[in-house]
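Hydrogens, waters and symmetry mates play no part in the numbers below; they use all other heavy atoms, side chains included. Letters go in sequence order (proteins before strands), and every chain restarts at 1.
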4 protein chains.
Amino acid sequence: MMQCPLKSKRWERRKEARPQELLAAALDLFVERGFAATRLDDVAARAGVSKGTLYLYFANKEELFKAVIRENMLPALDEAEDIVKQHKGDSASLFEEIMLGWWERIGLTKVSGISKLIMAESGNFPEVARFYYEEVTSRVHGMIVSMLEHGIARGEFRPIDTKEAMRVVVAPMVMLMMWNQSFGACSMEPISPQSYLRTYLDIVLHGLLREPAVSSSPRK
Amino acid sequence: MMQCPLKSKRWERRKEARPQELLAAALDLFVERGFAATRLDDVAARAGVSKGTLYLYFANKEELFKAVIRENMLPALDEAEDIVKQHKGDSASLFEEIMLGWWERIGLTKVSGISKLIMAESGNFPEVARFYYEEVTSRVHGMIVSMLEHGIARGEFRPIDTKEAMRVVVAPMVMLMMWNQSFGACSMEPISPQSYLRTYLDIVLHGLLREPAVSSSPRK
Amino acid sequence: MMQCPLKSKRWERRKEARPQELLAAALDLFVERGFAATRLDDVAARAGVSKGTLYLYFANKEELFKAVIRENMLPALDEAEDIVKQHKGDSASLFEEIMLGWWERIGLTKVSGISKLIMAESGNFPEVARFYYEEVTSRVHGMIVSMLEHGIARGEFRPIDTKEAMRVVVAPMVMLMMWNQSFGACSMEPISPQSYLRTYLDIVLHGLLREPAVSSSPRK
Amino acid sequence: MMQCPLKSKRWERRKEARPQELLAAALDLFVERGFAATRLDDVAARAGVSKGTLYLYFANKEELFKAVIRENMLPALDEAEDIVKQHKGDSASLFEEIMLGWWERIGLTKVSGISKLIMAESGNFPEVARFYYEEVTSRVHGMIVSMLEHGIARGEFRPIDTKEAMRVVVAPMVMLMMWNQSFGACSMEPISPQSYLRTYLDIVLHGLLREPAVSSSPRK
DNA sequence: GATGAATGAGGGTTCATTCAT
DNA sequence: TATGAATGAACCCTCATTCAT
């Protein structure tokens, strides 16, 4: 079918680049449509290869998905953990740096869609959920808990239940990402990150700090 | 089952009860598996009718889903709006009453699963998302914005961007519901609502109030 | 496609007859092509239904196959076992009756193809093989061993290892069925059952009997 | 593997050895899984070459299969025919020698799996079946018929229909090979060749010989 | 009103074969 | 000669929807 001189393209070997192209296409579609609703046909097509090719690089849909997460989430997470470990200054600044960095590195990119996706499909694909929880969620949680504990230990934050507080302060960040991937994507009142983040830091730091005067006037 | 002499009576009641039974079954399954992954076969089976019967009451899967939302979300929302309108006391108490009431009325029930569900499937079923946004989300948002504005007007809350603050303070409530519907349901670190809600109110009210002294010591 | 007034046929309900029609179609195709190579599409088409319909009656390919065996093999086996149990006369006659009856009931029909099929695919579908072995093979073996033991006990057959002898005497019957299903079906020297069976009984009974004079001249 | 200084020599030998290695791998896998279920990927992998290389030596799967048969079946067949032609002694001894030799040369090796395989897949690959029939089966049949005719001519065997008798006496040998390749391989009542062959020769020779006294007591 | 048999398009996955390198 | 990336047709199975009864 379709005998054309460009057919030779078909045999172009791109072993090096293929996995990256497939992962990029998969990220796009998983985030757009969810895990179950993404057809591997479409992933392959978007990467410009046939469906069979996909199976040369990934054993199945789940492995492809795990690879997407590994590729996109883990580097940013490594960085964030480094920042926390090496931080010297006050806790409020660290908190701000981490949250704003998160937004830069994850929130602004398609990767932010993964949170929604995981939450959405965890019921039907428990193995995927477990993988994400172990590789990503638990590390994020640990990192934030340690920030809060550090702040309390230094007398900067009020003494609170750090485990619960971690969940409370994480929630608005996750929701920001999820909202813009769901309703926002359908152009229903998308959140403007700038003022949202400012207000978030204002309220949360005001809520955490022992001396709220510090952040009583929004920064920037 | 349950052979009784009043069989005719029972059948009459049944005829009217059908949609309710279907809606209950649909809520269960939609929340458990998501919109796309729920099979109408199973909904019908759980309601004790045949698959065809389902189509007598609902034109298709989407209409069934909308009916589930109408049935389960709107009454609680009506009540909450009433409470806000009729409230006389201080803003922090109202805030607490609304949030704890939300948890009682929605969070503790299966209905809480709908948030996750909507967010999850909004990409693939935009009409469903739009319906939910218009019928539910926008009303919830309006209600909370008005609570915050009222508190600021009364000089109880610090002056802040109420639209953004609304999103920030809603996020932990929504996340609580979603978490326990996704990871929590897979027994991965489920959140215990009691202490979570206490910490949430502590941090958020501390962050909102002009005189944080009021809630500096956690209640209860 | 094919808009015709007979389309209403599509909705003809045949719940009673369907399974039989599907089993008949499945027997044909399994025997013709083997288990793995039989497409359920084709089974459905031959039964005059769509692919989906097949799944209303059989959970999957393996279950369909098991049903084919149950439907076609077990009744004949029940009968044969009855004949053996109730037999009164001499052992050679019983042996002849069973073997010729086997040929009538199984060998002449498509069912005879199942032996080949099972042997062929046992490696790739062990569960199927096990099912067949337990439901069919072991019963056939038991029946023939008991015939041989009976003959020896009555002093008609020479004393031999009945387990091994059973296998030896069964082999030509199974091969007759298998040959005509494989090479014979490709019109390569098909076996003519009549003279084959006569020669088989001649040689085997001659080999088994204590007084070979009895069957020294071929019958018929 | 095996780094040795004579690398060039090794490569030359290797080049010639390739088809042999491929044929050995193919025999293993065809016998284990059947024709259709054997993946050329696996054949190549087991031979330690790439899939593409396979196509340098064999035009396609069928040709590979034919080559496997030629390589493995024909030499043993040549030998057997020689033995028959040169035999001088009595027919029963020749019969025994041929059958036990068959078992040594074919039955004990993987080659025995080919019978099952051919019978199994003849329906779907008629050309393969025809090839096997012409190259192997018809020659085996001719050889055995001539043995029987010789025995009858010498007055050792009873006069019988040699064509049918040939099939009858071949059947238990073929079944022995097939059984241990199918059910036996799944550890369902595998046949012990020793006593099986003894009983086989006992019954069949008893059935064929004019003076059954000769073999009335099992040998060995 | 109620049923449930029937449909058929569609998705994940496999594998013989091709051919640029 | 040897490679192995790429293809694409096929197959099993699912499920929303239809409609004769």
Original post:
What does D:Lys51 touch in the nucleic acid at a heavy-atom separation under 4.0 angstrom: a base, only the sugar-phosphate, or nothing?
Top reply: base

Subject >> Any strand: nucleotide that pairs with F:dT3 via Watson-Crick or wobble, under 3.5 Å >> reply: E:dA20

Subject >> Short side-chain N/O contact from C:Ser50 to OP1 or OP2 of E:dT7, under 4.0 Å >> reply: yes

**OP:** Could you please spell out the steps behind the side chain to side chain contact (heavy atoms under 4.5 Å, CB included) verdict for C:Glu63 and C:Asn60?
**Re:** CA-CA 5 Å; C:Glu63 288 306 317; C:Asn60 54 41; 3.5 Å; yes

Original post:
Toward the 5' end of DNA chain E, which comes first, C:Gly48 or D:Glu62, by nearest nucleotide?
Top reply: C:Gly48

Original post:
Quick one: A:Lys61 NZ to E:dG11 P, roughly how many Å, whole number?
Top reply: 9 Å

Original post:
Got a second to check how far B:Arg70's CZ is from B:Leu23's CG, nearest 0.5 Å?
Top reply: 9.5 Å

Original post:
Does F:dT3 have OP1 or OP2 sitting under 4.0 Å from an N or O in the side chain of D:Thr53?
Top reply: yes

Original post:
Among residues 26-43 of chain B, which contact DNA chain F at a heavy-atom distance under 4.0 Å?
Top reply: B:Thr38, B:Arg39, B:Leu40

Subject >> Within 6.0 Å of CD in C:Glu127, more than 12 heavy atoms from elsewhere >> reply: no

**OP:** Specify the separation, in whole Å, of atom CD of D:Glu63 and atom C1' of E:dT17.
**Re:** 15 Å

Subject >> Length of the CG-P vector between C:Leu56 and F:dT17, whole Å >> reply: 17 Å

Original post:
What's the CG-P distance between B:Leu22 and E:dA2, to the nearest Å?
Top reply: 10 Å

Original post:
Are any non-hydrogen side-chain atoms of C:Asp42 and C:Thr38 less than 4.5 angstrom apart?
Top reply: no

Subject >> Rounded interatomic separation in angstrom, taking CZ from B:Phe58 and P from E:dG1 >> reply: 13 Å

Original post:
Is any side-chain nitrogen or oxygen of D:Tyr57 closer than 4.0 Å to OP1 or OP2 of F:dA2?
Top reply: yes

Original post:
According to the Watson-Crick and G-U wobble definitions, with both distances under 3.5 Å, which nucleotide is paired to E:dG8?
Top reply: F:dC15

**OP:** Locate the shortest heavy-atom distance separating B:Val128 from B:Ile118; write the atom from each residue and the value.
**Re:** CG1-CD1, 3.9 Å

**OP:** Measure from OH on B:Tyr55 to P on F:dT21 and round the result to the nearest Å.
**Re:** 21 Å

**OP:** Would you mind reading off the distance between C:Leu54 atom CG and F:dC13 atom P, rounded to a whole angstrom?
**Re:** 10 Å

Subject >> Positive for ring pair (Phe, Tyr, Trp, His ring centres under 6.0 Å) with C:Phe125, one of C:Phe35, C:Phe30, C:Phe65 >> reply: C:Phe35

Original post:
With a cut-off of 6.0 Å (strictly less than), are more than 12 heavy atoms of other residues, nucleotides or ligands near NZ of A:Lys66?
Top reply: yes

**OP:** Give the rounded distance in Å between these two atoms: CD of D:Glu21 and P of F:dA2.
**Re:** 10 Å

Subject >> Closest-nucleotide 5' rank along DNA chain F - winner of C:Asn60 and B:Asn60 >> reply: C:Asn60

